[in-house]
Amino acid sequence: PQTIYRKDYTPPSYLVETVELGFDLDPARTIVANRITLRHNPEAAQDHRDIVLHGEDIELVALRLNGTELNPGQYIVGTSTLTIKKAPLNVVLEIETTCAPEQNTTLSGLYVSNNSFYTQCEAEGFRRITYFPDRPDVMAKFTVMLRADKQKYPVLLSNGNLVEEGDLDNGRHYAKWEDPFKKPSYLFALVAARLVCQEETFRLADGRNALLQVWVEEGNLDKTDYAMQSLKNSIRWDEERWGLELDLDRFMIVAVGDFNMGAMENKGLNIFNTKFVLANPATATDVDFAGIEAVVGHEYFHNWTGNRVTCRDWFQLSLKEGLTVFRDQEFSADMIGTDSGRAVTRIDQVRTLRQAQFPEDAGPMAHPVRPDSFVEINNFYTVTVYEKGAEVVRMYQTLLGRDAFRKGMDLYFERHDGQAVTCDDFRAAMASAAGRDLAQFERWYSQAGTPIVTASGTYDEEAQRYTLTLAQRCPPTPGQAEKLPFHIPVAVGLLDAKGRDLALNGEGDTTVVLELTEAEQTFTFDAIAELPVPSLLRDFSAPVVLEYPYTDEELLHLFRHDSDPVNRWEAGQRLAMARLLRLTAAVQNGEKLELDYTFIAAQRALLVDETLEAAFREQALILPSESLIADQMEAVDPQAIHTARRFMRETIAKVLRNELQNAVAANATPGPYSPDAVSAGKRGLKNLALSYLLAAPDDFTLDLATRQVAEATNMTDRAAALVALIHSGADVEAQLQSFYDEFKGEALVVDKWFAMQASAPTTDVARIRELMTHPAFTLKTPNRARSLIFNFTNANPSQFHAPDGSGYEFWAEHVIKLDALNPQVAARLARSMDRWRRYLPDLQPHMRRALETVAAAPKLSNDVMEVISKALA
Ligand code: HT7
Ligand code: ZN
């Protein structure tokens, strides 16, 4: 496979002005008529007169240039391009092609899901629909005519405004759509389906009315309220926080059951995975509701950060994704409103980074936020581009302050509206608006790897001075042996012996942002009256690993008192991690397992502290996951980690039994279900307490959970109790069966049913294989494949890493099977083995064999090949 390099970017030789698309939709053979007007790009070399169009898996029927039919000698059809050499400066191309949507299992391009047509064009799916310069720096105005059978496909949608519709012969009908904005081809969409919608007219800040629609399959209209509410909240928030308005008269969301990712921001016609649209209390959990709010927001916010200003090339993906994730994170935090609510969302973000992005940064697929090369761009929709990219955007705000950051955003839109630009353009707007030199900040885009910041402090009592020394280093990553220092904002506070924040400067600030730009720097704080405990990297001010030789006493002090909730949580995580690592070593050495009372007492104090919000207490009591523990080990021993963590949970459960029972009782949420953060936080704490209790099950706790499964009035409580029971090892066959019987018509709940079994440490690979024979299982629907297979490989480490290698064999078999259907999904599964070299020497040969099995499979996609070859390199 060919590697594509960022350094090789050249502007397109031709620009497209208008695109007129005509679709005769038929699942077996859809005819696409495409009329494009092109003109030579003044920015390309004058003698560069080849028109290069991309095309994949489509049949060319006819090609005309400026009205004249071209015969095959006048153009070159390659494996994925059609080139017309020495073209005139102004060209009208008329291209007729066909494709077979019902054969398209890749879910990229035009495909059929549940007898309806949908498209997915990002990143390079448009070329699977018609020949086109399918690159984001070619932006054009689109007009789309859809023709289809009226009975089967009564709803015909595309981008922009509906300008005409009517009936045709033979029971067919048509709809013509016009998008008033120039857009790249990856934002094109069509839907031809049997759907119904919830709609509303919404008044925009400038007084205009917009029609908002959420389209779903019949029978799902009782699950669209939250998505609609989230859309309205998103529109309002973008107006109020960033001064950005909806630029269309109509904004549509369509839910589809077969979808590779979460959702897609097609201009005016967002297409969503049903998982991020459909919710009611009986079918969706608090986490699902929060996910809907975040993803609806995310896609809506792309209308400005991604659509109005788009990416010059796919290496710049984080320009739109990092920025839009940052925007959706801020939206979710603002929707909660309280400081502690904000902190809980921040803790969640930190957890995701550590759980998924730090390992990516330390593995064979490590890449900078703005990658330098790729084989398959779909492999670069990663946590690094998205979540680390969002951290990079957040750091601008931390360094410049909210006001200057907002000015930078305004300037970015002022300069680049309607353009396809780069991450450097964004940084330049920030630098100009704030009057700052951000040259060194560029390294966050170009250097992969997680920086490690080492801190040490000294106190001079006589001078009343606290001196903090910060040093940074960054481990090598593939292709980048040496790193230069990053520009790192380190937010710092100092606590006195009573746990109060000390004033750090003349203005009385209790948190200051230090700018670490060199390999090592020293910062001093004067008028510090006593030896303080430093609270470092407050609010997780940079995506780094912070090393400081905290004593247990210092961590307990921070855990009890830190005014920064993220660092308060962090102190608890450090205390827990140290113990989990010691316990894991004890398991490996066959030693007696013991957990000190000091730690449990600190947990107890937090659990019963009614002054703290339930959501925060929940976060603080969740132990680091097995995969986080694994990341701290030289040679990962999944079984020892599992035993150690289990022991710790069991011990806490036994010692804090009364307090946990009280937490279950005190955090009931009677009355009608509401997904608001306070109620969700209470359910979260109650269900965490329940799961602890079932770590040391007895008749009472088993009965408590069993009753919750039976009596719960919402899916959050019901699923949490069932999961706790499954994990306890109790016999839940009857409960699982009745859960399935009740919800077998609800695809998203059936996904949960598979997922809760797949991730249970009591489920081995044999049981997974058995579940795959269940009539509801299919590899073709990504949500279903993910629910069972991915949850096994990624969320059930003690079984996936079975010492006999059976989990890895299963993995290899299914990467290969999935690859034949859907390379994007297969490549995601392939990533489960990224860090195989970090495991125990006994496991590695099994892992290598599985990787080699996949590598040797015939007809492997570029997607999977790229991941596997990097893992084996
Ligand atoms: N921008 C969207 C990316 C996306 C995607 C990418 C590759 C293959 C399928 C896809 N579906 C959606 C999603 C987003 O970040 O908003
Ligand atoms: Zn996005």
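The structure presented is a predicted model; accordingly, all values stated were derived computationally and were not measured. Just so you know, ligand 1 is whichever comes first in the structure, and atom 1 is the first atom listed for that ligand.
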| field | Test of ring centre spacing under 6.0 Å for Phe326 and Phe405 | value | yes
| query | Can the ring centroids of Phe374 and Phe315 be said to lie less than 6.0 angstrom from one another? | reply | yes
Would you mind checking if [Y] and [X] are paired as a salt bridge, meaning a charged N to carboxylate O distance below 4.0 Å?
X      : Y      : answer
Arg127 : Asp57  : no
Asp372 : Arg6   : yes
Arg786 : Asp751 : no

Of all the atoms in ligand 1, which lie at a distance below 4.0 Å from a heavy atom belonging to [X]?
X      : value
His302 : 14 (C), 15 (O), 16 (O)
Glu299 : 14 (C), 16 (O)
Asn378 : 7 (C), 8 (C)
Lys320 : 1 (N)
Glu265 : 1 (N), 2 (C), 13 (C), 14 (C), 16 (O)

Any N or O of [X] that comes nearer than 3.5 Å to an N or O of ligand 1?
X      : answer
His298 : yes
Gln824 : no
Glu122 : yes
Asn260 : no

| Hey, is there an N, O or S on Glu321 sitting under 2.8 Å from the Zn ion (ligand 2)? | yes
| query | Should we say atom CD of Glu59 is surrounded by more than 12 heavy atoms from elsewhere, each under 6.0 Å from it? | reply | no
| query | Is ligand 1 under 4.0 Å from a heavy atom in the side chain of Ala263, in the backbone, in both, or in neither? | reply | backbone
| task | With heavy atoms under 4.0 Å as the rule, classify the contact between Thr324 and ligand 1 as side chain, backbone, both or neither. | result | neither
| If the Zn ion (ligand 2) is the vertex, what is the angle to NE2 of His298 and NE2 of His302, rounded to 10 degrees? | 100°
| said: Quiz question: by atom type and distance under 3.5 Å, do the side chains of Gln120 and Asn260 form a donor-acceptor pair? | reply: no
| task | Find out whether the Lys NZ or Arg CZ of Arg427 is both under 6.0 angstrom from the six-membered ring centre of Phe441 and within 45° of the ring's axis. | result | no
| query | Tyr5 ring centre to Lys7 NZ or CZ under 6.0 Å, with the angle to the axis within 45°? | reply | yes
| remark: When every non-hydrogen atom of Tyr111 is compared with those of Val256, the smallest separation belongs to OH-CG1, 4.2 Å
| request: Around atom 15 (O) of ligand 1, find the nearest protein heavy atom and jot down its residue, atom name and distance. | output: Tyr386 OH, 2.5 Å
| remark: Ranked by distance from atom 4 (C) of ligand 1, the top protein heavy atom is Met261 CE, 3.7 Å
